[in-house]
Amino acid sequence: MSNDIKDFAIATLGSHTALQILKGAKEEGIKAIAICTKETRRPYDSFDVADEIIEIDSFENFFEIEKILMEKNAIVIPHGSFVSYLGPQKINDNLKAMHYGSKGILIWESDRSMERVWLQDAGLNLPRIYQTPEEIDGPVIIKFHGAKGGFGYFIAHSPAEFHERIKSFKDPDDYVIQEYIVGVPMYVHYFQSALTGELEIMSFDKRYESNADSIGRIAAKDQLDAGIQTSYTITGNIPIVVRESMLPMFFKIGEDVVAASKKLEGAPKGLYGPFCLEGIIDPNLNFRVFEISARIVAGTNPYTNGSPYTWLKYNEPMSTGRRVAREIKTAIQSGRLQDILG
Ligand code: AMP
């Protein structure tokens with residue numbers, strides 16, 4: 001295989017984190033291909049991040065243009081929309097184009113029960129799961145499987161309240177009851193290099209959720225009078241710099257998660273590339289993790305020009321998208337491309 005980056009391209013679906021992935025590819029001198037629909041191509045044209053835009057009718061039709069990508073030696077970068085539109089199983093079983101990262105890991109991260117086994121094995125502090133509504137003895141959050149962007153979650157405090165609120169949902173079997181952690185949300189963005197074995201902290205964010213993030217703007221009495229119910233629909237991401245004394249803890253849990261991933265069935269190379277641990281920091285500074293994303297997350301989008309942390313490490317603008325492109329470039333040039341494809 002060629003050692004020349006000019007013989008390769010980086011491709012991704014025009015959505016989610018594609019702007020920084022494509023810009024990062026260009027910055028590293030690799031051809032950037034955006035796969036868009038007619039309705040979604042406008043930002044990729046306007047921000048001029050792609051060398052080429054391939055149009056398809058809908059994201060689900062991705063496999064129709066896979067052959068074109070293979071002819072161009074394109075390396076596909078998975079992100080949240082890519083995994084959501086194609087499905088982790090289809091990516092694992094059917095994708096023939098070069099894929100950055102472990103495909104098997106996407107199956108583990110997309111299933112709440114499987115990811116819990118993994119994170120527990122890594123020794124993380126997870127919120128309690130209630131097996132039945134009758135066990136509810138404090139605040140809980142009810143999450144629906146496949147809920148996009150936190151829509152429809154609700155909070156309950158007792159079995160009676162749970163049964164009252166679940167009535168308004170059509171498919172009430174498909175949920176998990178999780179201990180509600182009172183604290184502040186924190187999302188840690190990592191990059192695990194498959195080439196050097198080093199774990200890097202890229203940045204942190206919290207989400208801007210509707211209506212959870214504006215309920216505090218009205219008095220408790222008005223909330224009750226208006227019958228407002230909390231929802232967690234994601235609308236954007238807000239950058240965070242963490243208390244510096246917490247950094248050793250964040251490095252340790254990131255490394256523990258990577259170490260535990262080496263034992264996961266169907267993912268022989270384990271977890272590498274960008275990933276994110278999502279949780280709540282309670283007032284005792286415990287990081288209670290409720291989810292992992294084993295690919296680039298939208299929380300890295302505020303940092304197209306790098307974060308305070310990547311500035312410390314790189315002394316040049318380094319988005320997570322660019323970090324991925326740099327890893328791919330280094331792998332191509334050192335003849336190690338197979339080490340980063342999954
Ligand atoms: P998720 O879809 O699991 O990423 O959760 C969406 C949002 O719900 C998060 O960003 C948090 O604001 C909130 N959330 C989820 N799980 C918990 C929890 N166990 N305790 C408190 N808040 C939570």
Side-chain angles (χ1 to χ4, degrees), residues 16-17 79-81 83-84 88 106 108-120 124-131 133 135-158 161-162 165-166 169 171 174-190 203-217 223 228-240 242 250 253 257 274-302:
H16 194 264
T17 38
H79 55 45
S81 302
V83 178
S84 157
L106 298 176
W108 281 88
E109 64 123 44
S110 302
D111 181 299
R112 277 194 217 282
S113 317
M114 287 169 74
E115 74 175 350
R116 197 169 167 87
V117 171
W118 171 14
L119 298 180
Q120 248 163 357
L124 267 51
N125 189 346
L126 310 179
R128 174 178 167 196
I129 296 290
Y130 291 75
Q131 300 305 332
E135 289 168 34
I136 299 175
D137 56 359
V140 294
I141 181 165
I142 290 81
K143 300 181 176 185
F144 293 90
H145 290 293
K148 281 219 171 80
F151 186 76
Y153 291 1
F154 69 89
I155 311 273
H157 298 83
S158 64
E161 191 180 358
F162 171 89
R165 293 219 40 202
I166 198 85
F169 293 91
D171 192 10
D174 196 19
Y175 59 80
V176 62
I177 306 173
Q178 202 175 75
E179 173 189 357
Y180 185 85
I181 312 293
V182 182
V184 291
M186 188 70 76
Y187 293 68
V188 200
H189 318 140
Y190 296 99
S203 44
F204 297 84
D205 82 299
K206 66 172 186 170
R207 293 172 175 175
Y208 195 41
E209 295 165 338
S210 185
N211 56 13
D213 285 317
S214 70
I215 282 180
R217 289 160 57 95
Q223 294 172 27
I228 292 175
Q229 293 178 348
T230 318
S231 58
Y232 297 87
T233 309
I234 299 159
T235 64
N237 301 85
I238 304 170
I240 296 181
V242 296
F250 284 122
I253 61 169
V257 166
F275 71 101
C276 174
L277 290 175
E278 310 170 2
I280 307 279
I281 306 219
D282 73 15
N284 298 318
L285 298 183
N286 299 307
F287 186 40
R288 309 290 307 276
V289 177
F290 54 73
E291 190 149 354
I292 182 166
S293 294
R295 33 94 191 150
I296 187 169
V297 291
T300 60
N301 281 340

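Numbering starts at 1 and runs along the sequence shown. In listed order, ligands and their atoms are each counted from 1.
- By the criterion of a heavy-atom distance under 4.0 Å, the side chain of Ile280, and not its backbone, is placed next to ligand 1.
- Against a heavy-atom cut-off of under 4.0 Å, Glu291 is close to the following atoms of ligand 1: 1 (P), 3 (O), 4 (O).
- Checked by atom type and distance alone, the side chain of Asp282 pairs as donor or acceptor with a backbone atom of Asn284 at under 3.5 Å.
- Ligand 1 places these atoms under 4.0 Å from at least one heavy atom of Gln178: 16 (N), 17 (C), 18 (C), 19 (N).
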Legend entry - Residue pair Asn237, Asp205: steps toward the side chain to side chain donor-acceptor pair (under 3.5 Å) verdict: CA-CA 6 Å; Asn237 301 85; Asp205 82 299; 2.9 Å; yes

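- The proximity of Ile141 to ligand 1, defined as any non-hydrogen pair under 4.0 Å, is limited to the side chain.
- Of the heavy atoms in Glu179, only backbone atoms (N, CA, C, O) come closer than 4.0 Å to ligand 1.
- Scanning Tyr232, Tyr153, Tyr208 for the heavy atom closest to atom 5 (O) of ligand 1 points to Tyr153.
- For Gln178, the side chain to side chain contact (heavy atoms under 4.5 Å, CB included) partners at least two apart in sequence or on another chain are Pro127, Ile129, Ile141, Lys143, Phe290.
- At a heavy-atom distance under 4.0 Å, only side-chain atoms of Phe290, from C-beta outward, approach ligand 1.
- In Tyr187, the part holding a heavy atom less than 4.0 Å from any atom of ligand 1 is the side chain.
- Between the OG atom of Ser113 and the CH2 atom of Trp108 there is a distance of 10.5 Å, given to the nearest 0.5 Å.
- Just one of Tyr153, Phe154, Phe162 meets the ring-ring contact (aromatic ring centres under 6.0 Å, His included) condition when paired with Phe169; it is Phe154.
- Without hydrogens or angle criteria, Thr235 side chain to Tyr208 main chain gives a donor-acceptor distance under 3.5 Å.
- Using a 4.5 Å heavy-atom cutoff, the side chains of Asn286 and Ile181 are not in contact.
- Looking at ligand 1, you won't find any N or O of Tyr180 less than 3.5 Å from one of its N or O atoms.
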